[in-house]
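For ligands, and for the atoms within them, numbers begin at 1 and follow the listed sequence. These numbers were taken from a predicted model, which means no experiment stands behind them.
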Amino acid sequence: MAHPEMPTALTFDDVLLVPQRSSVASRADVDTAGRLTPNISLAVPIVSANMDTVTEWRMAIAMAQAGGIGFIHRFLSIEEQADQVRKVKRAESHVIEHPYTIGPDAPVQRMVAELSARGVNGLPVVDDAGGVLLGLITRRDLVASGLEGTVREAMTPRERLVVGTTQTTLEQARDLMATRRVEKLPLVDDAGRLAGLITMKDIAHLDLYPLATKDARGRLRVGAAIGVRGDYLDRARAMAEAGADVLCLDIAHGHAEHAIDATRELRRTVDIEIIAGNVATAAGARDLIEAGAHGIKVGVGPGSVCTTRLVAGVGVPQLTAVMACAEACHEAGIPLCADGGIRMPADMSKAIAAGADSIMVGNLLAGTSDSPGTLLKRDGRTVKVHRGMASGGAMRKRTEMDAGGAADADAGPTRPERRWLLGRETEPGEFGKVVAEGVEAVVPYRGETHAVLNELAGGLRSAMSYSNARTVGEFHERAQFVRITAAGQVESRPHDVEV
Ligand code: XMP
């Protein structure tokens, strides 16, 4: 029943930030770093959504290099998802502690297949018994040797290699590789065994990606999504083993009791931080924090491909949802991630001003070169597919995947359809089945991920300088909103011109 004093809820377009006297002279003086969890901070507080049209390993690498982070979706087998996590963790590091290797007697053709499968350009050659370094083989060696013969015949042997030791610092490695003009520096221990590998690419990336989100060993950070039923604890363990830095619960109604219980169970099971959600109220945030969440994800229905509000009539406009949850999160010292509905830089600025520490983005990143899927041509425009994880197509894929295993009720409908939106009728006997709460769509191609992130972060920096804030914490304290009318919204957009 409607409450007589029903509160009003607002979203991004309903408000603007009020400009304030500011001592911030340059936008470069603003630090946009936001916390994702108590232990993970993002120089660019943007997270790519755990959706199958947004985040697989390529996107996760691009996000972490740019200073954000990506969450690998869970519409994959446990092994496939773990593989994706491993790919990100191996993409960069100060020292590759366990490089892929090959034995000397392997045929060159197998080595070539290994290079492609592993996504690397060369392999240290080690003796099969003791791991002693015998040489290094790269694609370049094959120019002379061709594709016949064994690795031993084609490799650059140990005596002609430039090598370092376990004591070699990054600076020494950089100098050594530059002066000797090599791209890979194997490290050996006192017994001559391979003890690691430093690559020029990793060193160059230190300069190329100064804001990168990295763990203590210099590896890019990555998150992984987890359900709340079925084999979710096995999946969580596998992600932790693969090196995931953080997990996020992937459930539409995070204030369901089974989501709260799952948060508690995950805390008991794995030793990595957990972001729980999605919620849209302070009570939801508090219950998940009490269950042990290290971060809260906020957003019920604001996403670009969500139809929860149309199908179920449920949701809270995102600005109000963030403000309500921010109070609970800040009291407990737990970061808040605003998930969904970010269409332009201003939305990010308003979400952070309202109390979010980071934002999760689907749509804007689905159109970049790093998202899964290929480019399509539609009416002369270049586009990519973006779909809700509770949409018909995503659910069909899930159902196929689950055919051999336990169905996961939280994934949504078992017989996914968009009948309601398409105006079709439910088939007889289907009463009681869950209906889709997302759509499939295309989004314009937007180029590279870092360009999208730069635009969003640029808007945030500008908004912070208008609010006299040098840090996200100051922005939370000082930002002031005004509510605007429909006339104000019209005035805010380009008008009376042909764009
Ligand atoms: P944007 O607006 O960035 O939002 O595309 C991404 C977020 O949308 C949520 N999501 C869904 N919500 N039905 C929903 O109600 C769906 O099918 C669906 N798929 C994704 C999710 O929170 C994501 O991060």
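Atoms of ligand 1 found under 4.0 Å from any heavy atom of Gly303, numbered from 1 in the order shown, are 2 (O), 4 (O), 8 (O). Annotation for ligand 1: atoms under 4.0 Å from non-hydrogen atoms of Asn278 are 22 (O). Near Met51, meaning under 4.0 Å from any of its heavy atoms, are these atoms of ligand 1: 6 (C), 19 (N), 20 (C), 23 (C). Counting the atoms of ligand 1 from 1 in the order shown, those under 4.0 Å from a heavy atom of Ser391 are 17 (O). Within the listing of ligand 1, atoms 1 (P), 3 (O), 5 (O) sit less than 4.0 angstrom from a heavy atom of Asn363. Which parts of ligand 1 touch Val361 is read off a 4.0 Å heavy-atom cut-off, strictly below it: atoms 3 (O). Of all the atoms in ligand 1, the ones that sit under 4.0 Å from a non-hydrogen atom of Ala49 are 24 (O).
Side chains of Thr55 and Ser48: a donor on one and an acceptor on the other come within 3.5 Å.
Protein heavy atom in closest approach to atom 22 (O) of ligand 1: Asp339 OD2, 2.5 Å. Protein heavy atom nearest atom 17 (O) of ligand 1, with residue, atom name and distance: Ala390 N, 2.7 Å. Shortest contact from atom 3 (O) of ligand 1 to any protein heavy atom: Gly362 N, 2.7 Å. Closest protein heavy atom to atom 18 (C) of ligand 1: Met389 N, 3.5 Å. For atom 12 (N) of ligand 1, the closest heavy atom belonging to the protein is Cys306 SG, 2.5 Å. Summary of contacts: the protein heavy atom closest to atom 5 (O) of ligand 1 is Ser304 OG, 2.7 Å. Atom 13 (N) of ligand 1 has its closest protein heavy atom at Glu437 O, 2.6 Å. In terms of protein heavy-atom proximity, atom 15 (O) of ligand 1 is closest to Thr308 OG1, 2.6 Å.
Within a 6.0 Å sphere centred on CZ of Arg343, other residues, nucleotides and ligands contribute more than 12 heavy atoms. Sparse packing is recorded around CD of Glu290, with 12 or fewer heavy atoms of other residues, nucleotides or ligands lying under 6.0 Å away. For Phe481, the CZ atom is densely surrounded, since the number of other residues' heavy atoms within 6.0 Å is greater than 12. Heavy atoms from other residues, nucleotides or ligands lying under 6.0 Å from NE2 of His495 number more than 12. By the 6.0 Å contact criterion, CD on Glu327 is open, its count of non-hydrogen atoms from other residues, nucleotides or ligands being 12 or less.
When non-hydrogen atoms are compared, ligand 1 lies under 4.0 Å from neither the backbone nor the side chain of Ala394. Neither the backbone nor the side chain of Arg343 comes within contact range of ligand 1; no heavy atom lies under 4.0 Å. Residue contacts with ligand 1, taken as heavy atom pairs separated by less than 4.0 Å, do not involve Leu364 at all.
Comment: Glu56 does not engage Lys87 in a salt bridge, judged by the lack of any side-chain N to carboxylate O separation of less than 4.0 angstrom. A salt bridge does not link Arg267 with Glu273: none of the charged nitrogens is closer than 4.0 Å to a carboxylate oxygen.
Side chains of Met59 and Thr449 form a contact here, defined as non-hydrogen atoms less than 4.5 Å apart. Residues Asn50 and Met389 form no side-chain contact, since every pair of their non-hydrogen atoms from C-beta on lies 4.5 Å or further apart. Put simply, the side chain of Val24 reaches to within 4.5 Å of the side chain of Arg470, judged on heavy atoms.
The backbone N or O of Tyr445 lies less than 3.5 Å from no partner atom in the side chain of Lys384, so there is not a single donor-acceptor pair.
Distance check: Asp250 CG to Phe75 CZ gives 6.5 Å after rounding to the nearest 0.5 Å.
At a 4.0 Å cut-off, at least one heavy atom of His386 sits close enough to ligand 1 to count as contact. Contact analysis leaves Ala252 out of contact with ligand 1, as no non-hydrogen atom separation drops below 4.0 angstrom. Note on ligand 1: Gly341 sits in its first shell, one or more heavy atoms being nearer than 4.0 Å.
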